[in-house]
Protein chains: 2
Amino acid sequence: MDDKQERWLEAELLVADAVGDVIEHWGFRKALGRVWSVLYLSDESLAAAELAERLQMSAGSVSTTLTELQRWSVVHRVFRAGERREYYEAETDFWKMISKVVSERERFVTRSVRERLARASQLLVGARDAGSRARIERIARLQSFADVAERVIDTFVRSGRADFGSFSDLLTLPRALMNRARRSD
Amino acid sequence: MDDKQERWLEAELLVADAVGDVIEHWGFRKALGRVWSVLYLSDESLAAAELAERLQMSAGSVSTTLTELQRWSVVHRVFRAGERREYYEAETDFWKMISKVVSERERFVTRSVRERLARASQLLVGARDAGSRARIERIARLQSFADVAERVIDTFVRSGRADFGSFSDLLTLPRALMNRARRSD
DNA sequence: CCGAAGTTTCAATTATTTCTGAACGAATTG
DNA sequence: CAATTCGTTCAGAAATAATTGAAACTTCGG
């Protein structure tokens with residue numbers, strides 16, 4: 001029945017857009033979620049052209065999106081004997097997806113931020129007055145925060161478990177160093 | 001010494017931009033991280049004008065940014081007796097910040113996505129052929145994924161601990177329902 | 001080798017996000 | 001109550017990001 005087909009296409013889009021919105025909320029392009037969804041919902045692997053058709057995207061955009069999804073190990077290319085085109089299927093191990101994404105984001109913190117904090121700290125060495133000491137201390141806090149964050153995320157990626165308990169007071173300065181007006185709300 | 005002051009300004013910007021980049025990587029505006037940093041590094045609470053000055057932002061943009069930071073409970077307004085202007089200070093309990101953000105993002109999944117998945121599922125009820133059944137099953141998987149995700153995130157927000165072990169095979173379909181070409185890479 | 005089919009790349013366009021600056025409003029003071 | 005100081009808002013400007021469409025490439029069969 002044709003009615004059935006039509007309903008299915010509507011349902012597919014509904015799901016694709018929902019997933020697209022979720023991952024957009026987590027900082028990715030909506031298209032990534034939409035393409036993954038169609039692949040996930042499909043019985044069999046699909047070629048780029050079919051994705052473009054179903055999601056009303058251009059060939060270029062589908063290509064870009066598939067490349068990115070593969071970079072995140074969230075979609076895989078599959079080989080079909082005798083077929084010229086390339087087919088794709090969705091990764092279904094969600095843990096793989098999460099851990100890949102998280103560790104990727106972690107790498108950024110590690111590499112780039114660390115050295116900038118260190119450089120900032122360098123700029124202040126030798127200063128002896130109270131103000132400077134307090135500033136040095138605060139930068140040091142951010143650095144140890146980066147350390148802890150890296151450890152926690154690392155453990156998370158490895159084991160699937162995370163404990164953020166140690167984060168609470170990492171940034172809070174000892175009373176002695178504080179000199180603030182009282183909070184109003 | 002003026003040299004000291006200059007170095008400090010440079011260090012401050014270095015830190016602010018580093019933090020800005022991090023939080024940008026996690027899906028927020030860079031300005032949020034920059035403003036939070038300057039507040040965190042400061043001895044005392046600061047007024048909007050000082051933030052604008054130090055970060056070279058317009059008054060409007062500082063105002064918007066501070067409002068958003070407060071919405072996330074990441075910056076607080078403080079009252080200074082006898083002063084007309086409003087002053088701000090950084091929240092230093094990082095756990096508060098994380099949990100607020102995560103629970104906010106969770107809310108989105110809960111509200112909007114659930115009903116769309118349900119609607120998609122509705123569209124397919126009654127279909128008896130194998131293809132339709134498989135599709136219904138896959139949508140059901142996404143739904144239970146949403147359930148589990150919500151539980152895990154909820155626990156995380158409450159306890160600071162998360163265990164993603166249960167995620168691995170949630171989306172994977174039973175062999176019987178699969179009909180795919182073999183993976184090529 | 002040629003041509004067809006499929007894919008990637010990229011400059012140009014379009015859409016979206018963010019920021020600015022000026023106007024408005026509220027609060028405070030002389 | 002006029003003048004001043006802050007803060008917010010918002011229309012338009014500027015900056016970024018995503019998408020298209022077409023050209024360039026790649027692969028493969030003949």
Side-chain angles (χ1 to χ4, degrees), chain A residues 13 16-17 19-39 44-72 75-89 108 181 184-185, chain B residues 13 16-17 19-21 23-36 38-39 45-72 75-89 181 184-185:
Chain A
L13 264 190
D17 287 339
V19 173
D21 285 347
V22 171
I23 81 122
E24 190 176 34
H25 252 244
W26 286 92
F28 300 89
R29 289 182 19 245
K30 192 167 178 164
L32 298 183
R34 302 213 314 145
V35 168
W36 180 88
S37 299
V38 170
L39 289 174
E44 25 178 43
S45 55
L46 299 177
E50 306 178 67
L51 290 164
E53 156 70 20
R54 298 209 207 175
L55 292 170
Q56 304 282 34
M57 298 167 67
S58 71
S61 156
V62 169
S63 171
T64 305
T65 303
L66 284 171
T67 302
E68 195 171 344
L69 284 168
Q70 282 174 281
R71 202 169 61 73
W72 290 107
V75 154
H76 304 282
R77 195 194 304 241
V78 299
F79 176 71
R80 282 206 201 173
E83 290 270 14
R84 176 89 103 69
R85 317 198 240 180
E86 323 214 50
Y87 288 81
Y88 300 89
E89 69 176 20
F108 178 79
S184 69
D185 67 357
Chain B
L13 264 189
D17 287 340
V19 173
D21 285 348
I23 80 120
E24 190 176 34
H25 253 243
W26 287 93
F28 300 89
R29 287 180 20 242
K30 193 168 178 164
L32 298 183
R34 302 214 312 145
V35 168
W36 180 88
V38 171
L39 290 174
S45 54
L46 299 176
E50 306 179 65
L51 291 165
E53 157 72 18
R54 298 208 206 175
L55 293 170
Q56 305 281 37
M57 299 168 66
S58 70
S61 158
V62 168
S63 171
T64 306
T65 303
L66 283 171
T67 302
E68 195 170 346
L69 285 168
Q70 284 176 281
R71 201 171 60 74
W72 290 107
V75 154
H76 303 281
R77 195 193 304 238
V78 298
F79 176 71
R80 282 205 199 173
E83 290 271 13
R84 174 94 102 70
R85 313 198 244 180
E86 322 212 51
Y87 289 81
Y88 300 88
E89 68 175 21
S184 69
D185 69 356

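Below, all heavy atoms of this structure are taken into account, side chains as well, without hydrogens, waters or symmetry copies. Protein chains get the first letters and strands the later ones, always in sequence-line order, with residue 1 at the start of each.
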Donor-acceptor check, side chain of [X] to backbone of [Y], threshold 3.5 angstrom: yes or no?
| X | Y | answer |
| --- | --- | --- |
| A/Ser63 | A/Ala59 | no |
| A/Glu83 | A/Arg80 | no |
| B/Arg54 | B/Leu13 | no |

[X] has an atom [atom1]; how far is it from atom [atom2] of [N], in whole Å?
| X | N | atom1 | atom2 | result |
| --- | --- | --- | --- | --- |
| B/Leu51 | C/dT20 | CG | C1' | 17 Å |
| B/Glu53 | D/dG7 | CD | P | 15 Å |
| B/Glu68 | C/dT17 | CD | P | 13 Å |
| A/Leu69 | C/dT8 | CG | C1' | 16 Å |
| B/Gln56 | C/dG21 | CD | P | 11 Å |

Can you tabulate the close N/O pairs, meaning under 3.5 Å, that link protein atoms to atoms of nucleotides 5-7 of chain C?
residue	atom	partner	partner atom	Å
C/dA5	N3	A/Arg84	NH1	3.2
C/dT7	OP1	A/Glu86	N	2.8

Note to self: Is any side-chain heavy atom of B/Leu51 closer than 4.5 Å to one of B/Leu66?
What the structure shows: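 The answer is yes; the side chains approach within 4.5 Å.
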Checklist line | Beyond-backbone contact of A/Gln70 with A/Tyr88, side-chain heavy atoms, under 4.5 angstrom | finding: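 A side-chain contact exists here, since the closest heavy-atom pair is under 4.5 Å.
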Note to self: Enumerate the salt bridge (Lys or Arg N to Asp or Glu O under 4.0 Å) contacts for residues 23-34 of chain B, please, sequence neighbours excluded, ordered by first and then second residue.
What the structure shows: B/Asp17-B/Arg34, B/Asp21-B/Lys30, B/Arg29-B/Glu68
Next item on the list: Could you walk me through whether A/Val62 and A/Val35 pass the side chain to side chain contact (heavy atoms under 4.5 Å, CB included) test, one step at a time?
Entry: CA-CA 8 Å; A/Val62 169; A/Val35 168; 5.5 Å; no
Next item on the list: Go through A/Tyr87 and A/Phe79 one step at a time and tell me if the side chain to side chain contact (heavy atoms under 4.5 Å, CB included) criterion holds.
Entry: CA-CA 7 Å; A/Tyr87 288 81; A/Phe79 176 71; over 6 Å; no
Pairs under 3.5 Å (N/O, protein and nucleotides 10-19 of chain D):
residue	atom	partner	partner atom	Å
D/dT19	OP2	A/Arg29	NE	3.4
D/dT19	OP2	A/Arg29	NH2	3.3

